[in-house]
Amino acid sequence: MKQNTEAWRALDAAHHLHPFSDTKGLNAQGARVITRAEGIYLWDSEGNQIIDGMAGLWCVNIGYGRKDLAEVAKRQMEELAYYNTFFKTTNPQVAELSKLLAEVAPEGFEHVFYTNSGSESVDTMIRMVRHYWSSVGKPEKKVLIGRWNGYHGSTIGGASMGGMTYMHEQGDLPIPGIVHVEQPWYYKHGKDMTPEEFGLAAARWIEDKILEVGADKVAAFVGEPIQGAGGVIIPPATYWPEVERICRKYDILMVCDEVICGFGRTGQWFGHELYGVKPDLFTTAKGLSSGYLPIGAVFVGERVAQGLIEHGGDFNHGFTYSGHPVCCAVARANVTALRDEGIVARVREETGPYMQAKWRETFGQFDHVDDVRGVGLIQAFTLVKDKQKRELFDNWGTMGLACRDIFFRENLIMRACGDHIVAAPPLVISKREIDEMLGRAARCVEEFERVVVRGQPG
Ligand SMILES: Cc1ncc(COP(=O)(O)O)c(CNc2cccc(C(=O)O)c2)c1O
């Protein structure tokens, strides 16, 4: 099926509605046709080699082109392409994957529930948490607390749990019983507090909300260890331990959404481990299979698992593909490789520290870049109007997109989340590739400042 760019673009424009896209605007310029990938690189239908600084959508942790994962999928598909896990059946792959996940999870997480995506993991968590409280005799504990600018997916539940107001406006969200508090964005809200003081203050916004709603009505607090799609908002070290203390004080379940932070992104297996806290449940997807096949999983801690097993009866929830044998086989091979090839350990001990040092050295030098930050292989900086005054640009997001478009033209993928510029490359990136990526990015930011900010000739 040899086609060319124009032919594919025409078919795409005629028949494909893209996610999170203004299809009319996209069709006017034409989509970029990505045809193959290897390691950290993509190639498009014009033969351009592209550095994928975003690992797809924060998900291709193992890197592209792993023939071993393709082989696992092929063999499993030939043996058992599908069977469900409803009605008293299981399959060897989902059983073996569940054991493996219990091994890589922190102590106390022996049970997982399978989904097809991060959004479905979040929806599953919402229903599971409410069913848990009902099962243990507290059905009135239904309200879930999230954060403004948190991202938890695009389903009705996930988009409601998230705090992206531009998503709430489409579909009359959030659904009842989901409320939000301000995010722990020190650069904007820290004022004259130290990071440590701000972390405590931001956690106490949750306590204020609990008291406003009534602790006897609150089921859980839900948050990403580090907010990803919100622009890599890294809370001060004091934030999560204080959140945990508050949740325990009022008997509120604490849920971490690890869809981005999970499976080695921060150098820990799971992002909450950075902060030394223990959630009651955590949601995952993305790095679970490195995006090779769609699969998500909710890790359920002892307290909720035992509550559901002992008192929950039938949990009337699940998906046709929950525990899909081919998706589970690939996830197993992926997680085994992340562990046995030492990929997570190398992020923690070698490439993560290297990236963080180079990232700060590269972007700290620019006049309109501030709050240069990151941990492991998730990092960001914020485009600012005036660094000294810590003043952001007007029309939040306009400068971010202008800068992102320069990266894209120069065959480098990095994300603009508002005026935050973020990167999350495959975890297999080498030090040489980090140098290549940051060298290209620095030239783009230099052009952004010269042409877009100062209006000098290109
Ligand atoms: C923390 C978190 N929770 C849930 C989801 C939803 O996962 P699914 O997409 O698999 O349903 C996500 C997804 N995060 C996500 C998805 C798509 C794009 C971007 C971006 O930053 O542009 C981020 C996420 O980051």
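Note that the numbering runs from 1 along the sequence shown for the chain. Note that ligands are numbered from 1 as they come in the structure, with each ligand's atoms numbered from 1 the same way. If you're wondering where the values come from, they're calculated on a predicted model, not measured in any experiment.
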Original post:
Could you give all pairs that pass the ring pair (Phe, Tyr, Trp, His ring centres under 6.0 Å) test and reach residues 146-167, with sequence neighbours left out?
Top reply: Trp148-His180
Subject >> Positive for ring pair (Phe, Tyr, Trp, His ring centres under 6.0 Å) with Phe198, one of Tyr187, Trp185, Trp205, Tyr239 >> reply: Trp205
Taking a 3.5 Å cut-off between nitrogen or oxygen atoms, can you list every pair linking ligand 1 to the protein, with distances?
unit_1, atom_1, unit_2, atom_2, d
ligand 1, 3 (N), Asp257, OD1, 3.4
ligand 1, 3 (N), Asp257, OD2, 2.7
ligand 1, 7 (O), Gly118, N, 3.4
ligand 1, 7 (O), Ser119, N, 3.4
ligand 1, 10 (O), Gly118, N, 3.0
ligand 1, 11 (O), Ser119, N, 2.8
ligand 1, 11 (O), Ser119, OG, 2.5
ligand 1, 14 (N), Lys286, NZ, 3.2
ligand 1, 21 (O), Trp58, NE1, 2.8
ligand 1, 21 (O), Arg415, NE, 3.2
ligand 1, 21 (O), Arg415, NH2, 3.0
ligand 1, 22 (O), Arg415, NE, 2.7
ligand 1, 22 (O), Arg415, NH2, 2.8

**OP:** May I ask you to establish whether Arg66 and Tyr292 are in a cation-pi arrangement, using a distance under 6.0 Å from NZ or CZ to the six-membered ring centre and at most 45° from the ring axis?
**Re:** no
Subject >> For Tyr82, all residues meeting side-chain hydrogen bond (donor to acceptor under 3.5 Å, both in side chains), sequence neighbours excluded >> reply: none
Subject >> Polar side chain donor-acceptor pair, Asn411 to Tyr41, under 3.5 angstrom >> reply: no
Subject >> side-chain hydrogen bond (donor to acceptor under 3.5 Å, both in side chains) involving Asn91 - partner list, sequence neighbours excluded >> reply: none
